[in-house]
Number of protein chains: 2
Amino acid sequence: METVRVGLAERAYRIEIGAGTIDDPQLFAPYLAGRRAAVVTNEVVAPLYLERLARTLQAAGARTDSIVLPDGERTKEWGTLERVFDWLLAERIGRDAVLIALGGGVIGDLAGFAAAVYQRGVPFVQVPTTLLAQVDSSVGGKTGINHPRGKNMVGAFHQPLAVISDIATLDTLPDRELRAGVAEVIKHGFALDAGFAGWLDGHLEQLLARDRAALAHAVRRSCVLKAEIVARDERESGPRAMLNFGHTFGHAIEAALGFGVWLHGEAVAAGMVMAAELSVRLGVLAPADAMRLRALLERAGLPVFVPAISARQLLDSMRGDKKAEAGRLRFVLLSSPGQSLLRGDVDDATVIEAMAACIKPSARLAVPS
Amino acid sequence: METVRVGLAERAYRIEIGAGTIDDPQLFAPYLAGRRAAVVTNEVVAPLYLERLARTLQAAGARTDSIVLPDGERTKEWGTLERVFDWLLAERIGRDAVLIALGGGVIGDLAGFAAAVYQRGVPFVQVPTTLLAQVDSSVGGKTGINHPRGKNMVGAFHQPLAVISDIATLDTLPDRELRAGVAEVIKHGFALDAGFAGWLDGHLEQLLARDRAALAHAVRRSCVLKAEIVARDERESGPRAMLNFGHTFGHAIEAALGFGVWLHGEAVAAGMVMAAELSVRLGVLAPADAMRLRALLERAGLPVFVPAISARQLLDSMRGDKKAEAGRLRFVLLSSPGQSLLRGDVDDATVIEAMAACIKPSARLAVPS
């Protein structure tokens, strides 16, 4: 087992990474002393892992209750949160409880936000069961729900007490979701760490074959890179923006296609291609490096073209995104694999051209699973 | 004008108290540099003060928009919050905005919570226009909404950038609301400061007659007392509980009567009588001091008896309240005027007897306005 520390002073916490962690009461016990555990999960994950985790939490001394929510991005909205509050109150689970998020990014964001605002805040532990959640969304304290007018528009920064990642739970992850998680792993390499980008070039097939050592390395390296940035910039006023490489475009793609049509990681993959294309057009990235990113994403079975949507519509959508301060768009660009930079002075025409180069009416709307 | 400082390190802020403060752009300017102002108010306050405040904010350099919500405690729920988010997003008001809460406790709690979670948090300024908000709810960073199963069950600690209290706005406050605010002032005296409790004995009629000097003193003294406690215990793990004197009973009374039948301050008044009665029965308070508190509340026209509700029902309701850690009820008791203490070992029978002594089937359900 490996441990990554997120250095946030009194909100510091540990990320435990290994196979079989959800069966180890000693990993959970430090967070549960005398407390009730309230597990939030969904209908896909519950049959696979809920009973095992509940047994572990009980062995760690916690009275344990659980709620099983529907699966999918649509779950990440107020109505579901309301169900969670209703359940917590009906069970008389108070401020002395620890919420446990068992599932992927949707469950982590939703349960984390529930923990942030239930009775003005209760602690929570992330138990991510998807690659995307293990390498990205469970780390850093961003929680929230979607609004009809935009993704993650309502939320809070609420750091978990701990993240306990079980690599073995990735065995049951559908291929399509595994690849969507690989998109965020590739993001970490290309935006932040040339060495890791190189490792990915050499180990992509092992990752996709779910080789445990390769998965553990990818999760650990991603967590180290993300933790280092979060520790410097918890609330995204500066360097944390680099983690949004591909995300401004990606969110707009998700909104244009309709949330849930593509997985988040798939939209981020196409978004990274757009960001690299923009970087080339602005003269900051060599075309060969953009090709290298695109080739890696294609090898991972991720979309690198977007089906027929208007580039203008994407631009309008980006302006409504919360990452646009005072209506001004800021882009995370690449200067080389592992090196990113932030630019706020890009003219609309260049952005539209870069996006248009990545829009193909014939591109697959449905990503094969 | 007087200034009270809330000492919370990087979240420290000033409370400005005076007559005519909402007309002074210089008071607002430090919080608005280059930002948009988004004013949240209600249909009662808007016709009285919105135009004046908007003029002040514009004079301070901020592009200003506003939303006018319905009046009343029922407004403090998710549906209203959703309207605020929808408006903010439609107006493309981003993370660079400052929310301004113009109104009483409901608007302050609601707009403060909107600020806490909109795009994971934007800053806000409290402009309280009721006595209750000026002496209590605008200070300390508690924000939130109600849930059908309980008051303030969903919320956040989110400190304002500043509180700007205009004593002159109390001129238009209905008498009943003024008295409800006086209940919280009395709470501050009796729970925390014998000298202030004595001052209230001597100046209650001036307060009720809206004498500006008396009001300014009551607001300032309340803010000083509350700020001192909040600075020591921002998230209510210890001494801040003393500010809940009368509130555990008060919340149960509000729930039993139906939210909105009594004003919060009215329920707190009857709740303080119950807490004092319990203190006498536990032998920690002299009966004469309990009488003194009751007499002062009666002089203020506040309810000291609760109409026909079952004491058992109140107890059940209190157990569901978030102040009950692990299902155990903790009570803020009085040992003398100005001295309170926390007790977690009170048996149910004594609590029920103390409440029953304050329940009168003939007590007025409708408080005259």
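The figures here come from the full heavy-atom set of this structure, side chains too, leaving out hydrogens, waters and symmetry mates. All chains are named by letter (A, B, ...) in the order of the sequence lines, taking the proteins before the strands, and each is independently numbered beginning at 1.
Contacts between B:A90 and chain A at a heavy-atom distance below 4.5 Å involve backbone atoms as well as side-chain atoms. Heavy atoms closer than 4.5 Å to chain A are found in the side chain of B:R235, but not in its backbone. Using a 4.5 Å cut-off between heavy atoms, B:I145 touches chain A through its side chain atoms alone.
Of all heavy-atom pairs between B:D316 and A:R92, the closest is O-NH2, 3.5 Å. Here the shortest heavy-atom pairing between B:R120 and A:A156 reads CG-N, 3.7 Å.
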- prompt: Does the pair A:H147 and B:E82 meet the rule for a side-chain contact (heavy atoms from CB on, under 4.5 Å), with working shown?
  reply: CA-CA 9 Å; A:H147 184 279; B:E82 185 79 333; 3.8 Å; yes
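Other residues, nucleotides and ligands contribute more than 12 heavy atoms inside 6.0 Å of the CZ atom of B:R149.
Ranking B:G155, B:G34, B:A116 against chain A, the residue ahead of the rest is B:G155, based on heavy-atom pairs under 4.5 Å. Your options are B:F113, B:F157, B:W78, and the one with the most heavy-atom pairs under 4.5 Å with chain A is B:W78.
Rounded to the nearest 0.5 angstrom, A:D86 CG and B:M153 CE are separated by 12.0 Å.
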